[in-house]
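Structure first, commentary second.
All of these numbers come straight from a predicted model, not from anything done at the bench. So that the names make sense, note that chain A is the first sequence line, chain B the second, and so on, each numbered from 1.
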There are 2 protein chains.
Amino acid sequence: MSSKQPTIWDIAIKLNVSISTVSRALRNAPDINPDTKKAILDLAHQLDYQPNTIATSLRKNKTNIIGVMVPEFVHAFFPNVILGIQEAANEAGYKVMTMQSGESLDIEKHNLQAMISSRVDGLILAISRETDDYEHIKSAQRKGLPIVFFNRIVDELPGSKVMVDDYQGAYMAVEHLIQTGCRRIAHLAGPQNLTIGRNRLNGYLDALKAHQFPIDESLIMPCNFLEGKARIYTQQLLDRPDRPDALFAVNDPAAIEALICIQEHQLSIPDDISLIGFSNAPHSAFVTPPMTAVAQPIHAMGRLAAELLMRQISEGQRFSPETHVLQTNLIVRQSTRRLS
Amino acid sequence: MSSKQPTIWDIAIKLNVSISTVSRALRNAPDINPDTKKAILDLAHQLDYQPNTIATSLRKNKTNIIGVMVPEFVHAFFPNVILGIQEAANEAGYKVMTMQSGESLDIEKHNLQAMISSRVDGLILAISRETDDYEHIKSAQRKGLPIVFFNRIVDELPGSKVMVDDYQGAYMAVEHLIQTGCRRIAHLAGPQNLTIGRNRLNGYLDALKAHQFPIDESLIMPCNFLEGKARIYTQQLLDRPDRPDALFAVNDPAAIEALICIQEHQLSIPDDISLIGFSNAPHSAFVTPPMTAVAQPIHAMGRLAAELLMRQISEGQRFSPETHVLQTNLIVRQSTRRLS
DNA sequence: AACGTTACCGGAAACGTTGCCGGAAAAGCA
DNA sequence: TGCTTTTCCGGCAACGTTTCCGGTAACGTT
C-alpha cells in the first residue's frame, strides 16, 4: 500500500488525547468518558480508520487466522469442505489462509513452514497422498500448533480428527451391489497408508464375506488417488475374460474415470457393469447416467473441523483432542440396477 | 500457539552476538563474517527457528499476502482460477488469503474491510452479482490498495482487468447453433450490469443479426446468475407452443439446470433441443450428453491476474493498469447437432 | 477541612523484526 | 610507523498496537 493508512496516533493527535485513550475507545474498554469515546469513534469513522491487525497480532501474539492445507483444489470435495470451514471461521472472527500441497510431501513441508512462519493460530489439514513421514507435523504440534485432521487421517498422529464412517459407507455400497444382483465386484482402491483407503477396502471385504462371496485379490486395484490410474485399471478389468459386473470406486474422480472408460468400451451402465462411487461432490448426479454414490456430509465436515480447532485454540492446554465420525448415506441413482 | 517459538533474540544470546548480526545472517545481507553467519544459520536450523513474519510485516509494511475475493466457491470455476493464482503467487513468495462474498454486497464490503485490516499487499477481485455501488472499492483504491479485477468486470472502475473475449465466445457459440440447423435460439442471460453479461448477450444478438435471424426478446431470459432461475425459465420456454430448438446459457451452472429440466421433460438433447454453455469447468464434459461449450483458459486467468497484481505491487506508482482479454474456443461435444 | 473514592487519562514498555549509523579492530597503503 | 580503508559488529529507533501502572482532578464523606 503506497499511501499510509491512518493510525491511532493520527486520531490521538487530532483530538489531543493519548494513544492509550484512543485504543480504549476503539475496543470499547471501560475507564473512558462516553463523550471522548464518541469523539474518537466519530473521527475514526470519518478517517475510515482500519485497525492494523498486523500490529495487534504482534502485540497479542494471536493472528486470528486459521490455516487450511489440502492436497488439491480442482475436484469439488475440498473446496466444499473449505466452504464450511470459512463459514464457521468467519462467524467467529477468524480469517482463513488456504494452501495446497499438490499431493506432494515436499510442498506440504514447505507450506507448513510458511503457515508456522505466518503464525496461524491453528491448522486444518488433509495430508497429501504421498506423505508417509510425519515428523514435520509432529514437530509443529510439539511447538504447540493446534491441528485438526480431516479426510486424510493417520492413526499415529495425535490431534482432533474429523472423518466419515468409511467402513460403513463402503459396506453399504457393496451390499447394495450384491442385492441388485452383481456377482463379481471389483474395487478401485485408495492408498493403504491412509485410514480412508483401508477402511473403505475393509468395508468392501467384509460386505463380500458377510454374503459368502469369495475374495478375489485381483479385483482390488491400487489406484491410490493417482490421476489416470483408475482408467488404466478399469481398462484392464474390462479386457479380462472374467470381467467384473460391478465397480466400487474409492472416490469420485476414480469413478468418473471408470465411467468414461466403460462408455468407451461401448458397455452399458448399469446393465453390463454397475458403478458406484464414494461421493466427493454433488455433481456425481450430473454425469450420465447419474451415479449411485455414498454421500458424505461435506459441508458439515468443514464446519465441524473449524469448530473443533477454534475450541482448541481458545481452550489451550485444557482441550483434549476429539475424533468425530460422521455418517454417510447411500444415494441410489441410475448407475446401479434396480432392486428386484 | 501456546509454547513460544525461538526468536532472533534466543539465537543472539546463545551465540553471544547482537540481534542485528543474527538478522543480517538470516536474510543473508553483506557485512557479516562467513563464520559467524554459518554458526547462526546452524543454530537457527537446530532450534528449528521460523522467522516471525508478523513482525517483519509490521516493520517493512508489507505482508506478502495477496487477498482474493470471489462470489462463491462451490462451482468449479473460481476454485480453478484460484489454483492459478496460488501457483503464480507461491512461486513469487506470496501467500494467498481467500474469501467469498456469497454474491452479497454487504459481505463483500465487510470482507474488503477485513482484507484492508489484514494489510494485504493487493487484491484480486471478482465482484458479487448484486454489487451495483462501487464506493467501497474506489475507497480502497484511493488508499493505495492495488486491485486486479477478473471475470466480473465493471467499466467504471480503474485497475487492471483480466477477462475473456465474451463477445467472441458467445458469437461463436450461437453461430455454431445456427450452422447446425437451429432456428429458434434462446439465451439464458447474465446480469446486465456486468460486462460479462452484456458482452455475451451482444455476441448472441450480433450472431443472430449477422445471419438475418429475427431477434425475439421473449427468448432472452434474465437468469442473472441466480440459482434456480435457469431452471424456471427453461421450464417456461419448454412449455411455450413455439418452444425454442436451442439454448445458449451464460454459464455452466445455468446450462446444467437447463439440462436437467430438459431431461425431465423427456426431450432429447440435441435432437429436440441443442444446448451450449459458457464453460466454467472441465466437468461439462461429464454430463449427459457431454456438453458443447465455450471454453475459457481458466487457469491462465488466475496466473495472469496474480502476475499483474504482483507487478503492480512492486512497481507501485510507475505501474499503469492493463486490461487483458484472453481468447475462448468452442469445444464441440454432443449437446449440439453435427455439422451437416 | 482533611481524607478516601471514583472516573478518567497519559506514559512507557513490550511484541519480533529491520536498517541506519557509528565504532572498533583488522587490513591495506604510503 | 602512521595513515586510510575495509570488515565486521552493536546500539537504537521504528513499525502500530495493547496493557500495566500511576497520576490528577473532581466528587463525596465525616
Side-chain angles (χ1 to χ4, degrees), chain A residues 1-41 43-44 47-65 116-121 143-144, chain B residues 1-41 43-44 47-65 116-121 143-144:
Chain A
M1 246 177 276
S2 56
S3 54
K4 63 277 158 269
Q5 300 256 66
T7 71
I8 55 172
W9 236 95
D10 301 319
I11 299 181
I13 291 283
K14 283 218 176 71
L15 256 40
N16 221 18
V17 294
S18 76
I19 57 168
S20 319
T21 307
V22 178
S23 177
R24 270 188 289 259
L26 257 23
R27 58 189 163 81
N28 48 1
D31 270 24
I32 187 164
N33 185 318
D35 291 340
T36 55
K37 177 168 174 178
K38 179 168 187 327
I40 291 172
L41 290 181
L43 182 57
L47 295 180
D48 197 17
Y49 166 81
Q50 305 289 352
N52 186 328
T53 54
I54 301 290
T56 308
S57 297
L58 182 60
R59 177 64 230 251
K60 307 223 280 190
N61 202 27
K62 179 150 194 325
T63 54
N64 270 348
I65 296 179
I116 294 176
S117 217
S118 295
R119 297 298 192 275
V120 294
D121 290 336
K143 285 184 192 153
Chain B
M1 247 178 274
S2 55
S3 54
K4 63 273 159 272
Q5 301 258 64
T7 72
I8 55 172
W9 235 96
D10 301 318
I11 300 182
I13 291 282
K14 284 218 175 70
L15 256 39
N16 221 19
V17 295
S18 76
I19 58 167
S20 318
T21 306
V22 178
S23 176
R24 269 189 290 259
L26 257 23
R27 59 190 159 82
N28 49 1
D31 269 26
I32 188 165
N33 185 317
D35 292 341
T36 54
K37 177 169 175 178
K38 180 168 185 327
I40 290 172
L41 289 182
L43 182 58
L47 294 180
D48 197 17
Y49 166 81
Q50 305 290 351
N52 186 327
T53 55
I54 300 291
T56 308
S57 296
L58 181 60
R59 177 62 230 251
K60 308 225 279 190
N61 203 25
K62 178 153 195 322
T63 53
N64 271 349
I65 297 179
I116 293 175
S117 216
S118 295
R119 296 300 193 272
V120 295
D121 290 336
K143 285 184 192 156

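- Here B:Ser23 pairs with B:Arg27 under the side-chain hydrogen bond (donor to acceptor under 3.5 Å, both in side chains) rule; sequence neighbours left out.
- At the phosphate of D:dC9, OP1 or OP2 sits under 4.0 Å from a side-chain N or O atom of B:Thr36.
- Per the geometry, CG belonging to B:Asn33 stands 13 Å off C1' belonging to C:dA25, to the nearest Å.
- Listed pair B:Arg27 / C:dT17 fails the phosphate criterion, with no side-chain N or O lying under 4.0 Å from OP1 or OP2.
- Partners of A:Asn33 by side-chain hydrogen bond (donor to acceptor under 3.5 Å, both in side chains), not counting sequence neighbours: none found.
- Rounded to whole angstrom, the span from the NZ atom of B:Lys60 across to the P atom of D:dA13 amounts to 22 Å.
- A search for side-chain hydrogen bond (donor to acceptor under 3.5 Å, both in side chains) contacts involving B:Ser118 returns A:Lys95, not counting sequence neighbours.
- At the phosphate of C:dG10, OP1 or OP2 sits under 4.0 Å from a side-chain N or O atom of A:Ser18.
- The distance from atom CG of B:Asn64 to atom P of C:dT17 is 16 Å, rounded to the nearest whole Å.
- Rounding to whole angstrom units, NZ of residue A:Lys62 and P of C:dA14 are separated by 24 Å.
- Set against C:dG19, C:dG16, D:dT17, the side chain of A:Ile8 has D:dT17 as its closest nucleotide.
- Of all heavy-atom pairs spanning A:Leu41 and A:Ala25, the tightest one is CD2-O, 4.0 Å.
- To the nearest angstrom, P of C:dA14 lies 15 Å from CD1 of A:Ile19.
- Rounded to whole Å, atom P of D:dG16 lies 13 Å from atom CD1 of A:Ile11.
- At distances below 3.5 Å, not a single donor-acceptor pair connects side-chain atoms of B:Ser117 with backbone N or O atoms of A:Thr53.
- When heavy atoms are screened at a 4.0 angstrom cut-off, A:Thr7 is found touching the sugar-phosphate backbone but no base atom.
- Looking at heavy-atom distances under 4.0 Å, B:Asp10 makes no contact with the nucleic acid at all.
- Listed by chain and residue number, nothing satisfies the side-chain hydrogen bond (donor to acceptor under 3.5 Å, both in side chains) test with A:Ser57 (two or more places apart in sequence, or in another chain).
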(message) Across nucleotides 20-27 of chain D, 5' to 3', mark each nucleotide with B, S or - according to how protein heavy atoms within less than 4.0 Å reach it.
(response) --------

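- Here D:dT7 presents its P atom at 15 Å from CG of B:Asp35, a figure rounded to the nearest Å.
- When the side-chain nitrogen and oxygen atoms of A:Tyr49 are compared with OP1 and OP2 of D:dT17, one or more of them lie within a distance under 4.0 Å.
- A:Thr56 comes within 4.0 angstrom of sugar-phosphate atoms only, judged by non-hydrogen atoms across all strands, and of no base.
- Among residues at least two apart or in separate chains, salt bridge (charged side-chain N to carboxylate O under 4.0 Å, His left out) pairs with a member in residues 31-41 of chain A are A:Lys38-A:Asp42.
- Rounded to whole Å, the distance from CH2 on B:Trp9 to P on D:dG10 is 12 Å.
- Nearer the 5' end of DNA chain D, as judged by each residue's closest nucleotide, is the contact made by B:Ile32, out of B:Ile32 and B:Ala55.
- Regarding contacts with the backbone of D:dG10, a side-chain N or O of B:Thr21 is found under 4.0 angstrom from either OP1 or OP2.
- A 4.5 Å side-chain heavy-atom check between A:Asn52 and B:Arg119 finds at least one atom pair inside the cut-off.
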